[in-house]
Amino acid sequence: MSRMKDRYTMPIPDDFHAHLRQSEGLIAYAKGHAGQFGRVLLMPNTLPPISDVHRLEAYRAEVERALEALPDYARFEPLFTFKILPGMKSADIEALARAGAVAGKYYPSGATTNAADGPRSFDEVEEALSTMEALGLVLCIHGEDPEAPVLERERAFLPSVEKLLARHPRLRTVLEHLSDAQSVRFVEHGPENLAATITAHHLLFTIDDMIGESMNPHLYCKPVLKFAADREALRAAVLSGSKKFFFGSDSAPHPREKKECDASASGVYASPSALPALVSLFDALEGLDSLIPFMTEHGAAFYGLPPNTRTLTLARNSWEVPKLLGGAVPMCAGQWLEWRVVQNEGTFMP
Ligand code: NCD
Ligand code: ZN
């Protein structure tokens, strides 16, 4: 991007993993994505969870109302998912597919925010998985074994994914928010139907940024940030240009008081700053040629969606990330970022 002087236009990126929550906050959190993403895959771990058609429709109506509150150029296309729960039948999955869900999300019981109701193994939801495979729905996996020590949870979960892939060779499967060098290798060497999302925070930070000097709860997320070697493996995966890796912000806002307390909720509110921060990072790594397909092409291709036709412009026009947005503290709060998302209509970001 240094080559591009002060302005750069690119296809608008997609975000294949985000949390907009329900009710309070939804409009504010939708603004975090506004103007920056073409399509946003919305995760179903809301309260109550998106696990049947009725809840999917109610949530869709809420999201659509939030989008209507945004100016035209700032609207994104929401893509909907459902939570895979024990006891789900083929007919439930078929109905969710007819209602427009593109993916089902597997959260191991207790693995993360609002996941206590999740299955304890893939066996528990075999009927749902077989139906998803038959219908061509995507399976998104929160790949952590909650019984393992926190830094080893992702790698400890890989053997069960291996078994799942052997049993469901046509099920398009996404390991979400990769954090560990071992899982990067697992995806690289895995079958064609296996892909992974990578977040901005796992590309930018390590555990030392979270707890090395002082404790920053705003970088606390699941899976927790790992070591420099893991971050290197994630960066190399993006720089390799492999189509198996694409962007999912895992933007997961929690009100500030739920982060700055004695039982901090996990989740990084990444969407307001993820794109400008990644552009600076990959510019410094001389890897912008790989960042663009990672953010704009590979995800759509994996999900079988057409390429985005809209574009987005970034300007070299530094800005301070607000310390609070919609009651949540965004990633890089209070820091100055070099690149800023702008639109023809004017500067969009705060
Ligand atoms: C997410 C959330 O807050 O909903 N939290 C997180 O730490 N990433 C859930 C998730 O994706 O794990
Ligand atoms: Zn998430």
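Values below: every heavy atom of this structure, side chains too, minus hydrogens, waters and symmetry copies. Remember, it's 1-based here, ligands and their atoms both numbered in the order they're listed.
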Check this for me, if you would: do [X] and [Y] make a salt bridge, where the nitrogen-to-carboxylate-oxygen distance has to be below 4.0 angstrom?
| X | Y | result |
| --- | --- | --- |
| Glu147 | Arg153 | no |
| Glu57 | Arg60 | yes |
| Asp250 | Lys222 | no |
| Glu232 | Arg235 | yes |

Run the numbers for me: atoms of ligand 1, each under 4.0 Å from some heavy atom of [X], listed by number.
| X | value |
| --- | --- |
| Cys221 | 7 (O) |
| Lys222 | 6 (C), 7 (O), 8 (N), 12 (O) |
| Asn45 | 2 (C), 4 (O), 9 (C) |
| Gly267 | 5 (N), 6 (C), 7 (O) |
| His254 | 3 (O) |

Based purely on interatomic distance, does [X] place a nitrogen or oxygen under 3.5 Å from a nitrogen or oxygen of ligand 1?
| X | result |
| --- | --- |
| Lys105 | no |
| Tyr220 | no |
| Thr112 | yes |

Ligand 1 contact on [X] by region, counting heavy-atom pairs under 4.0 Å:
| X | value |
| --- | --- |
| Met43 | neither |
| Asn114 | neither |
| His19 | side chain |
| His177 | side chain |
| His201 | neither |

Do [X] and [Y] have ring centres separated by under 6.0 Å?
| X | Y | value |
| --- | --- | --- |
| Phe245 | Phe294 | no |
| His201 | Phe205 | no |
| Tyr107 | Phe157 | no |
| Phe246 | Phe16 | yes |

Inset, instruction - Do me a favour and list the nearest non-hydrogen protein atom to atom 5 (N) of ligand 1 with residue, atom name and distance? - result: Ser266 O, 3.1 Å
Legend entry - Taking atom 8 (N) of ligand 1 as the reference point, the nearest protein heavy atom with its distance: Asp250 OD2, 2.8 Å
Legend entry - Arg167: which of Glu133, Glu126, Glu162 passes salt bridge (Lys or Arg N to Asp or Glu O under 4.0 Å): Glu126
Legend entry - Aromatic plane relationship, His177 with His202 - under 30° parallel, 30 to 60° tilted, over 60° perpendicular: tilted
Legend entry - Over-ring placement of Arg39 relative to Phe76, 6.0 Å and 45° cut-offs: no
Inset, instruction - Check the pair Glu338 / Ser318 against side chain to side chain donor-acceptor pair (under 3.5 Å), numbers first and verdict last. - result: CA-CA 4 Å; Glu338 187 186 4; Ser318 62; over 6 Å; no
Inset, instruction - Apply the test side-chain contact (heavy atoms from CB on, under 4.5 Å) to residues Tyr106 and His142: give CA-CA distance (whole Å), side-chain angles for both, the deciding distance (0.1 Å), then the verdict. - result: CA-CA 6 Å; Tyr106 181 95; His142 184 110; over 6 Å; no
Legend entry - 4.0 Å heavy-atom contact, Arg21 with ligand 1: yes
Inset, instruction - Could you establish whether His17 and ligand 1 come within less than 4.0 Å of each other, counting only heavy atoms on the residue side? - result: yes
Inset, instruction - Please test Ile198 against Phe247 for side-chain contact (heavy atoms from CB on, under 4.5 Å), starting from the C-alpha separation and ending with a verdict. - result: CA-CA 5 Å; Ile198 302 179; Phe247 178 69; over 6 Å; no
Legend entry - Near the Zn ion (ligand 2) (under 2.8 Å) - protein N, O or S atoms: His17 NE2, His19 NE2, Asp250 OD1
